[in-house]
S.K.: 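Following this message is one structure expressed as structure tokens.
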Amino acid sequence: ADTLEDLQVVSGLLDNAQDAASQGELLESLGKLDSARKGLARLGAFEDTRFAGLLRRRVSQLRDLLAGEFLNAWNKNIIIGFQARRISIFSQSPGRQASKHAWFNSDQRPESPISVAEAANGLSEVGLLESAIARLHRELDTLIISPRFTVAADGAMSNLGIGTEAIWIS
């Protein structure tokens with residue numbers, strides 16, 4: 001009876017995690033998903049049952065969904081402006097954002113349900129933070145660092161600007 005109850009608890013946690021994700025409560029969903037995953041790990045000999053397999057598949061699908069949502073939030077909080085040669089990292093959600101940039105109207109900034117720090121924590125939990133940081137590093141190198149140290153034919157170099165939320169060259 002305990003195993004059946006454990007399976008029901010895991011199923012309920014997954015339902016709650018799915019509901020939280022659909023309402024944009026990504027961190028809450030991630031916490032419930034982690035509890036469900038731990039519950040499945042405690043099943044012991046019943047881990048190989050068909051129902052446990054279905055629950056593991058739901059865990060995997062929800063994890064993939066959350067991974068996509070955290071990447072989406074990361075990309076909404078870290079704006080790469082290739083034409084403006086600028087990278088902005090917004091620490092707060094757009095509703096709490098105080099500043100505006102001439103090159104990027106914050107009214108047009110995509111809405112993110114979570115901050116960049118929360119997105120980073122979520123990406124870390126789903127194992128994608130290192131690849132997101134590596135991509136940001138490549139973009140920073142391509143867009144800012146390499147051009148900054150490239151000397152033009154007339155000997156001029158690009159100017160580097162650093163603000164509270166952005167870095168750019170001109």
Side-chain angles (χ1 to χ4, degrees), residues 2-44 46-47 49 51-82 86-101 104-141 143-144 162-167:
D2 287 340
T3 302
L4 182 57
E5 287 175 14
D6 290 343
L7 290 170
Q8 288 173 332
V9 166
V10 169
S11 181
L13 283 168
L14 288 172
D15 290 343
N16 292 339
Q18 184 72 44
D19 290 344
S22 68
Q23 295 173 10
E25 298 293 332
L26 302 179
L27 298 173
E28 180 182 336
S29 179
L30 187 62
K32 291 181 185 308
L33 178 64
D34 187 52
S35 295
R37 188 186 52 75
K38 288 176 182 173
L40 278 174
R42 288 190 301 265
L43 290 177
F46 295 95
E47 202 171 7
T49 64
F51 190 62
L54 292 172
L55 291 176
R56 273 194 306 281
R57 186 174 316 137
R58 282 185 65 198
V59 165
S60 177
Q61 290 170 341
L62 186 55
R63 183 208 165 278
D64 291 347
L65 172 91
L66 287 174
E69 291 296 323
F70 284 119
L71 276 173
N72 190 31
W74 173 272
N75 291 330
K76 288 179 179 179
N77 283 295
I78 300 177
I79 307 294
I80 309 298
F82 287 100
R86 179 183 205 109
I87 297 176
S88 290
I89 301 176
F90 299 100
S91 58
Q92 298 179 349
S93 68
R96 297 181 298 213
Q97 197 67 32
S99 67
K100 294 188 182 224
H101 301 284
F104 187 83
N105 182 345
S106 66
D107 294 335
Q108 297 172 346
R109 181 174 161 219
E111 185 73 29
S112 174
I114 58 176
S115 71
V116 70
E118 292 166 328
N121 287 338
L123 288 173
S124 178
E125 289 293 320
V126 297
L128 295 177
L129 182 60
E130 285 185 31
S131 64
I133 289 173
R135 192 182 98 224
L136 177 59
H137 181 265
R138 283 190 306 274
E139 290 166 340
L140 179 65
D141 186 53
L143 192 63
I144 306 293
I162 300 175
T164 305
E165 299 170 326
I167 184 170

S.K.: Which residues satisfy the side chain to side chain contact (heavy atoms under 4.5 Å, CB included) test with Gln18, sequence neighbours excluded?
M.R.: Leu62, Leu65
S.K.: If you take all heavy atoms of Leu13 and Ala36, which pair is closest and at what distance?
M.R.: CD1-N, 3.8 Å
S.K.: Using every non-hydrogen atom in the two residues, find where Ile144 and Ile167 come nearest and quote the distance to one decimal.
M.R.: CD1-O, 3.8 Å
S.K.: To the nearest 0.5 Å, what is the distance between CG (Leu4) and OG1 (Thr49)?
M.R.: 10.0 Å
S.K.: Under 3.5 Å, which donor-acceptor pairs do the side chains of residues 126-136 form with other protein atoms, sequence neighbours left out?
M.R.:
unit_1 : atom_1 : unit_2 : atom_2 : d
Ser131 : OG     : Leu128 : O      : 3.0
Arg135 : NE     : Glu139 : OE2    : 3.4
Arg135 : NH2    : Asn75  : OD1    : 2.7

S.K.: Can you list everything that forms a side chain to side chain contact (heavy atoms under 4.5 Å, CB included) with Leu27? Sequence neighbours excluded, please.
M.R.: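 Leu27 satisfies side chain to side chain contact (heavy atoms under 4.5 Å, CB included) with Phe70, Glu118 only.
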S.K.: Do any pairs count as a side-chain hydrogen bond (donor to acceptor under 3.5 Å, both in side chains) and have a residue in residues 24-38, sequence neighbours left out, and if so which ones?
M.R.: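 Only Asp34-Arg37, Asp34-Lys38 qualify under side-chain hydrogen bond (donor to acceptor under 3.5 Å, both in side chains).
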S.K.: Kindly give the heavy-atom pair with the smallest separation between Ser115 and Ser91, and that separation in Å.
M.R.: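 Nearest heavy atoms, Ser115 then Ser91: CB-O, 3.4 Å.
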S.K.: State, with a plain yes or no, whether a side-chain heavy atom of Ser112 is found less than 4.5 Å away from one of Ile114.
M.R.: yes
S.K.: What are the two closest heavy atoms between Gly122 and Leu30, and how far apart are they?
M.R.: CA-CD2, 4.0 Å
S.K.: Measuring from atom CG of Leu140 to atom CZ of Arg138, what distance do you get when rounded to the nearest 0.5 angstrom?
M.R.: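 That separation rounds to 12.0 Å.
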S.K.: Could you state the interatomic distance from CD1 (Ile89) to CD (Glu165), rounded to the nearest 0.5 Å?
M.R.: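 Rounded to the nearest 0.5 Å, the CD1-CD separation comes to 10.0 Å.
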S.K.: Run Val116 and Phe90 through side-chain contact (heavy atoms from CB on, under 4.5 Å) and show every step you take.
M.R.: CA-CA 7 Å; Val116 70; Phe90 299 100; over 6 Å; no
S.K.: How would you list all residue pairs meeting salt bridge (Lys or Arg N to Asp or Glu O under 4.0 Å) that involve residues 52-64, not counting sequence neighbours?
M.R.: Asp15-Arg58
S.K.: How about Ile80 and Ile78: do any of their side-chain heavy atoms sit closer than 4.5 Å?
M.R.: yes
S.K.: If you take all heavy atoms of Gly81 and Leu143, which pair is closest and at what distance?
M.R.: O-CD2, 3.8 Å
S.K.: Donor-acceptor pair, distance only, cut-off 3.5 Å: does the side chain of Asn77 make one with the backbone of Asn72?
M.R.: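 Answer holds: no.
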